[in-house]
Amino acid sequence: MPLVSGKLLLEKAHEFGFAIGAFNFNNMEFLKAILEAAEEEEAPVFVQTTESAIRYAGIEFLSGMVHAVKDKYSIPFALHLDHGKHVETVLLAIRHGYTSVMIDCSDRPYEENLEVTRKVVSLCAPLGIAVEAELGRLGGVEDNVESLEEVLVDPDQAKEFALRTGIDALAPAIGTAHGAFKFKGEAKLDFERLRKVKELTNLPLVLHGASGVYYEYVNEINTYGGDIKGAKGVPDDDVRKAVELGINKVNTDTDLRLAFIATLRRLMSEERKNVDPRKFLKPAMEEVKEMVKRRIRLYGSSGRASLF
Ligand code: PH4
Ligand code: ZN
């Protein structure tokens, strides 16, 4: 059972109370690492691309790779559009065989977010393609630019949004941020808000900006010429708690990037005579694979392929 609708993955995770890893890729090395890790962990998985990934590699390369290898793997997996900002991008993804999309108009006024999301659901539902949307906004929270009430999801609004749009999954902003610098002080996720959103929507929920930003990789990058001092992520215990409270899909990109870059930086510094990129890229790909396995175990999705 290889490429499946995101709906199937989300529904099972919601029913059985675990989360599925959703890992971003921009190139062959990340895609291969993700699928091989999921296969070895016997875990369902989302492979996902953003609009900037599409600008970088071209959607033909990204979707073409997935469709070329889909029968090599026995685990169920979905090809997902992450943070699609426009209906046109959703249409492009549909034409290229994506089985799941996110429409993210969370930076627009509420009614506009709702209308565009409804439109995307009307396009995707007849095709069996899953639709994820977002409420509230990620990032910026730590700067105290705005009050938390303004940027975090409103649970009552989430209930109304779910009913009026017919989405398959919701990404509620509960205090996380994208990238390697998530918090200035301690990590602070609003678990009570998450609990309420789950109770009121009874939908599969998605956690964005969930990377752990593990010390060993930050340290390796800083040791070999990088400068990411002060990088900070979401502690594993907080991710576990979020899954217990109803998160069913966890987006992870930064942890894979850190594993890749740390390995590249170290090897390029140690093996100064090498000019064969494969000798750098292969170990970096292996490190990404190990990271994906680590995250899959954290989300509780190891062995869950047998549910499908
Ligand atoms: N994502 C990934 C967003 C990647 O434009 P881009 O391709 O750089 O965007 O949706 C996440 O939620 C990743 O969270 P993380 O940074 O904590 O891994
Ligand atoms: Zn995200």
Side-chain angles (χ1 to χ4, degrees), residues 6 19-27 29-31 33-34 37 45-59 61-62 78-86 89 93 98 100-107 113 130-142 151-153 169-183 187-189 194 204-215 217-218 221 228 230-236 238-239 242-243 247-262 288 291-292 294-296 298-299:
I20 297 180
F23 301 99
N24 292 70
F25 72 99
N26 296 266
N27 58 21
E29 284 78 11
F30 276 54
L31 177 63
I34 297 162
V45 76
F46 285 85
V47 292
Q48 60 186 20
T49 72
T50 56
E51 289 185 351
S52 51
I54 292 170
R55 281 194 297 277
Y56 170 73
I59 196 162
F61 274 98
L62 297 174
L79 173 58
H80 177 78
L81 173 68
D82 186 24
H83 293 285
K85 294 277 182 188
H86 310 278
T89 321
Y98 281 58
S100 181
V101 299
M102 175 185 195
I103 179 70
D104 176 10
C105 297
S106 57
D107 54 350
N113 184 1
V131 179
E132 171 188 336
E134 179 169 319
L135 275 180
R137 283 185 286 132
L138 269 74
V141 170
E142 66 271 32
V151 291
L152 300 186
V153 65
L170 178 71
I174 57 162
T176 58
H178 287 139
F181 299 86
K182 299 186 189 300
F183 308 100
K188 203 168 178 311
L189 272 61
L194 172 61
L205 299 180
V206 183
L207 188 63
H208 283 246
S211 276
V213 190
Y214 298 108
Y215 172 75
Y217 294 94
V218 173
I221 289 171
I228 54 166
K232 191 164 214 168
V234 180
D236 283 4
D238 283 7
V239 172
V243 174
I247 290 292
N248 302 114
K249 171 175 178 275
V250 184
N251 280 17
T252 314
D253 188 358
T254 299
D255 280 339
L256 279 51
R257 294 178 181 194
L258 293 177
F260 192 77
I261 296 295
V288 172
M291 179 60 76
V292 173
R294 175 177 182 168
R295 298 296 293 186
I296 280 175
L298 175 63
Y299 307 152

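What you see is a predicted model; the values in this text were computed from it and never measured. One-based numbering along the sequence shown. As the structure lists them, so they are numbered: ligands from 1, and atoms in each ligand from 1. Both backbone and side-chain heavy atoms feed into the values below; hydrogens, waters and symmetry mates do not.
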Keeping to distances under 2.8 Å, can you name the protein N/O/S atoms close to the Zn ion (ligand 2)?
H83 NE2, H178 NE2, H208 ND1
What about the rings of F260 and F30, do their centers lie closer together than 6.0 Å?
yes
Report yes if some N/O of A53 lies less than 3.5 Å from some N/O of ligand 1; otherwise report no.
no
Is ligand 1 under 4.0 Å from a heavy atom in the side chain of [X], in the backbone, in both, or in neither?
X	answer
S52	side chain
D253	both
M102	neither
A210	backbone
T254	both

Looking only at non-hydrogen atoms, which of [options] approaches [atom] most closely?
atom	options	value
atom 7 (O) of ligand 1	T50, T49, I54	T50
atom 17 (O) of ligand 1	K182, Q48, H178	K182
atom 1 (N) of ligand 1	N26, V250, D82	D82

Exam field: side chain [X] to backbone [Y], donor-acceptor pair closer than 3.5 Å:
X	Y	value
T176	H208	yes
E51	K85	yes
D255	V213	yes

Near F61 CZ, under 6.0 Å, is it more than 12 heavy atoms from other residues, nucleotides or ligands?
no
Tell me every residue that passes side chain to side chain donor-acceptor pair (under 3.5 Å) with Y299, counting only those two or more places apart in sequence or in another chain.
T252, R295
